[in-house]
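Only one structure is covered here, and it is reproduced in the block below.
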Number of protein chains: 2
Amino acid sequence: MDARKQDILLAIITDYIATAEPVGSRTIARKYRLGISPATIRNEMADLEEMGYIEQPHTSAGRVPSESGYRYYVDYLMKREELSSGEEKLIRENYRSKVKDVGQVIQLTGQLLSQLTRYAAVVMSPRVGPSAFKHVRLIGMGPGRAMMLVVMDNGSLHHRMVEVPESITDPDLETISSVLSAKLQGHTMESIKMTLIKEIYAELARHRNILDLALDLIREGLTVEPGDKIYLGGVFNILNQPEFHNVEKVKTLLSLLEQEEMVCNLLSGGEDAPGVTVRIGNEMHCREIVDCSMVIAPYRISGRAGGSIGVLGPTRMDYAKVVSVVECMTRNLSRALEEMFAGRGT
Amino acid sequence: MDARKQDILLAIITDYIATAEPVGSRTIARKYRLGISPATIRNEMADLEEMGYIEQPHTSAGRVPSESGYRYYVDYLMKREELSSGEEKLIRENYRSKVKDVGQVIQLTGQLLSQLTRYAAVVMSPRVGPSAFKHVRLIGMGPGRAMMLVVMDNGSLHHRMVEVPESITDPDLETISSVLSAKLQGHTMESIKMTLIKEIYAELARHRNILDLALDLIREGLTVEPGDKIYLGGVFNILNQPEFHNVEKVKTLLSLLEQEEMVCNLLSGGEDAPGVTVRIGNEMHCREIVDCSMVIAPYRISGRAGGSIGVLGPTRMDYAKVVSVVECMTRNLSRALEEMFAGRGT
DNA sequence: TGTTAGCACTCTTAATTCATGAGTGCTAAG
DNA sequence: CTTAGCACTCATGAATTAAGAGTGCTAACA
């Protein structure tokens, strides 16, 4: 593809992203002074169409970028649009003031993401990954009831109400807690050996039944519970896009986005790629979502993969801006989380 | 309002709810055999219109219920439509299998609510209300870091990462935890007196600085943190309604619903009313949301107000069904939560 | 050989017109 | 008080038309 074709393709995509209208040869000649006439541009456009980078909605309409067109643009033509100093400041100040717990950081990130891009934002909360027990505790909550607390050394916290025999007293629970805590501490789920379990049973023979319960819960709770929490916001922004003036489209999109699992799938898969990933149209493997793209990037905590953040918008989205924003936000998010977990065993 | 007018109003509203089309005298005479001719119906309709219960979108269209019309219907004419046995079963089975923690129950309730009504569901998680400390604990999480855990006797759990002097050792934290736990146990936020604080300081004079921190956090965390969590789901259902085929409307609605605070306001205010409250159109005090109604009901935990659940749909919603569903769901939700907190000091 | 002006052709979009029909209100008769 | 009849209104949708944007092709030009 020669330089002039690139110029023209760039012009088409830039214009289409800005206006959402099919763009014709005349427009390009007028707005983007490339020093060539509409007729020449038409010839080049015919070539570009043949190559599959642009297409015509119908004869006698201008051209519209195809998915491969956007792909080429993102890969070779696009210049990132750096954040304005005002935007940078907004981000810094928000992160400075509102970083209390993980949930809040996730939510803040999502809000900023959608606010800055004016598209929908998706943020996955950090996957806990393998981590070791720090503290286990059973707390009596009235006759026959107890709350089980498990704190992991990565700062994650699990809790669950459990039924216990009424005969168990608070001191009993205290004893059990101490033993469990002491024995499990430092172990990960996987490193718990039968020998360890046996030791625990030996020390707490009297409380065999409640132990069964507790150990089951630990096993079950820790493998199932961290069902990836997802922040999703700014969906209404997408409705500003003319391509979503069709209510049917909106409906299918909304109903899909309400399924956490689906959203989670959309976001996952790019964790190993180092930087920002752009998925255009069908590259998001989801038949039902049409005319959409995502810009995704993983964030890290203490060097380890944490989760991903992403922006969902129309294929005609402002990639130049969004890519910058997403990248900037991963940096901020990573930093915020790292500060929060600072001092954890690396 | 005489009986015949009531019959006609009922017919109009029933038909309009079913079809979303303005309903004319002819239709009523044909479909609802009231034994009177279209002409008579027309006369009555003219009266009903004068009374403000119905209105005409334009001359030569049928009549449409006004907000007062719906109000009259809900108050005097409506017959609740009880749940089918299949629906009852669906609810029972879901509650039987998925009641682990509060969050899950809230989510389940919302899902069922929107699934059964085919409108949007809003569920407020239980306000914790005044409750007493059960357990306080500081857990070292690496140099200079600790996690503070506070368990209340109503089963709510608060946690927070805190920075502590690096000089503090794990046994120190252990000591502090024990004292705090012992002293605070049984007290509510409000019943903590200066004398108690002094006692604590006396016993832990060595750790004055960390105590300051911890007590501050407790105060702050417990008053601020329970920022009403809200479940919102099934919004896409509303898009099935013909009155929401206008994308602008959808957009404003969506953007409002993304603000948790706003949703919270919508839901609140009906806690003292004993049963189901129906808010029609402007009765929801929200200018921006138009052509919508809500059916709201409070749920209780152990006799105390817990929170509210609600269904948001078009003013033309199927009140007869929704009211039943909402009421049924409050019962189920209350029961589920009560079971979960069973044994708490009444 | 590449570029450009000119031109006929296509096809969408918006505006206009027109007919249809649903529904009303009024009047007068039962 | 009820109802049949009738003239009138007005939204809706179909059909027609005009305008305009954009193309591809051809032929002339550098």
Side-chain angles (χ1 to χ4, degrees), chain A residues 1-9 11-16 18-66 69 242-243 245-246, chain B residues 1-9 11-16 18-66 69 242-243 245-247 316:
Chain A
M1 164 126 72
D2 63 48
R4 194 170 64 183
K5 280 199 181 53
Q6 289 194 339
D7 288 346
I8 294 176
L9 181 56
I12 293 175
I13 295 184
T14 309
D15 204 74
Y16 187 66
T19 65
E21 303 278 314
V23 19
S25 52
R26 180 185 211 73
T27 316
I28 294 183
R30 208 171 350 100
K31 287 189 13 193
Y32 306 81
R33 333 209 103 275
L34 304 178
I36 45 183
S37 76
T40 312
I41 295 175
R42 276 204 289 281
N43 288 330
E44 298 287 33
M45 280 163 93
D47 291 352
L48 284 169
E49 183 161 12
E50 208 169 331
M51 298 183 200
Y53 293 130
I54 55 180
E55 43 202 31
Q56 262 181 310
H58 54 257
T59 353
S60 98
R63 300 310 210 292
V64 158
S66 69
E243 40 268 79
H245 269 27
N246 171 354
Chain B
M1 168 126 71
D2 64 45
R4 195 171 64 185
K5 279 197 181 54
Q6 290 194 339
D7 288 346
I8 293 176
L9 182 55
I12 293 174
I13 294 183
T14 309
D15 204 74
Y16 187 66
T19 65
E21 301 280 315
V23 18
S25 52
R26 181 186 211 73
T27 315
I28 294 184
R30 209 171 349 101
K31 284 187 21 190
Y32 307 81
R33 332 209 104 275
L34 304 178
I36 44 181
S37 76
T40 313
I41 295 175
R42 275 203 291 281
N43 288 330
E44 298 286 34
M45 280 164 93
D47 292 352
L48 284 169
E49 182 160 14
E50 207 169 331
M51 299 159 118
Y53 292 130
I54 56 179
E55 43 201 31
Q56 262 181 310
H58 50 84
T59 353
S60 99
R63 301 308 211 293
V64 159
S66 69
E243 40 268 78
H245 269 27
N246 171 353
V247 177
R316 189 186 61 76

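Lettering of chains follows the sequences in order, A, B, ..., and the numbering in each one begins at 1.
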Atom pair distance, as rounded to whole Å: [atom1] in [X] and [atom2] in [N]:
X: B:Q56; N: D:dA11; atom1: CD; atom2: P; result: 11 Å
X: A:E55; N: D:dG22; atom1: CD; atom2: C1'; result: 17 Å
X: B:D47; N: D:dT2; atom1: CG; atom2: C1'; result: 14 Å
X: B:D15; N: C:dG23; atom1: CG; atom2: C1'; result: 14 Å
X: A:N43; N: C:dG2; atom1: CG; atom2: C1'; result: 9 Å
X: A:I8; N: C:dT3; atom1: CD1; atom2: C1'; result: 12 Å
X: B:I41; N: C:dT24; atom1: CD1; atom2: C1'; result: 13 Å
X: B:L48; N: C:dT24; atom1: CG; atom2: C1'; result: 15 Å

OP1 or OP2 of [N] versus the side-chain N and O atoms of [X]: is any pair under 4.0 Å?
X: B:R26; N: D:dT3; result: no
X: B:R4; N: D:dT2; result: yes
X: B:S25; N: C:dT24; result: yes

Want to settle it: does A:T59 or B:P57 sit nearer the 5' end of DNA chain D, counting the closest nucleotide to each? B:P57

Of all the nucleotides listed ([options]), which has the minimum atom distance to the side chain of [X]?
X: B:R63; options: D:dA4, C:dG25, C:dA5; value: C:dG25
X: B:T40; options: D:dT3, C:dG25, D:dC25; value: D:dT3
X: A:H58; options: C:dT4, C:dT12, C:dG25; value: C:dT12
X: B:A39; options: C:dG23, D:dG24, D:dT3; value: D:dT3

When you look at B:V64 and B:Q56, which way does the side chain to side chain contact (heavy atoms under 4.5 Å, CB included) test go after all the steps? CA-CA 6 Å; B:V64 159; B:Q56 262 181 310; over 6 Å; no

Mind checking if B:A61 touches a base, just sugar-phosphate, or nothing, with heavy atoms under 4.0 Å? sugar-phosphate

Could you tell me whether the side chain of A:R42 has a donor or acceptor atom within less than 3.5 Å of a complementary atom in the base of C:dG6? yes

Measure the spacing between CG of A:L9 and CG of A:L48 and express it to the nearest 0.5 Å. 5.5 Å

Taking it one step at a time, do B:E49 and B:R63 satisfy side chain to side chain contact (heavy atoms under 4.5 Å, CB included)? CA-CA 8 Å; B:E49 182 160 14; B:R63 301 308 211 293; 2.8 Å; yes

If you apply the rule salt bridge (Lys or Arg N to Asp or Glu O under 4.0 Å), what do you find for A:E44 with A:R4, and how did you get there? CA-CA 8 Å; A:E44 298 287 33; A:R4 194 170 64 183; 2.7 Å; yes

State, without any angle test, whether A:D15 and A:Y32 hold a side-chain donor-acceptor pair at a distance under 3.5 Å. yes

Map B:S60 and B:E49 onto DNA chain C by nearest heavy atom, then report which one ends up closer to the 5' terminus. B:S60

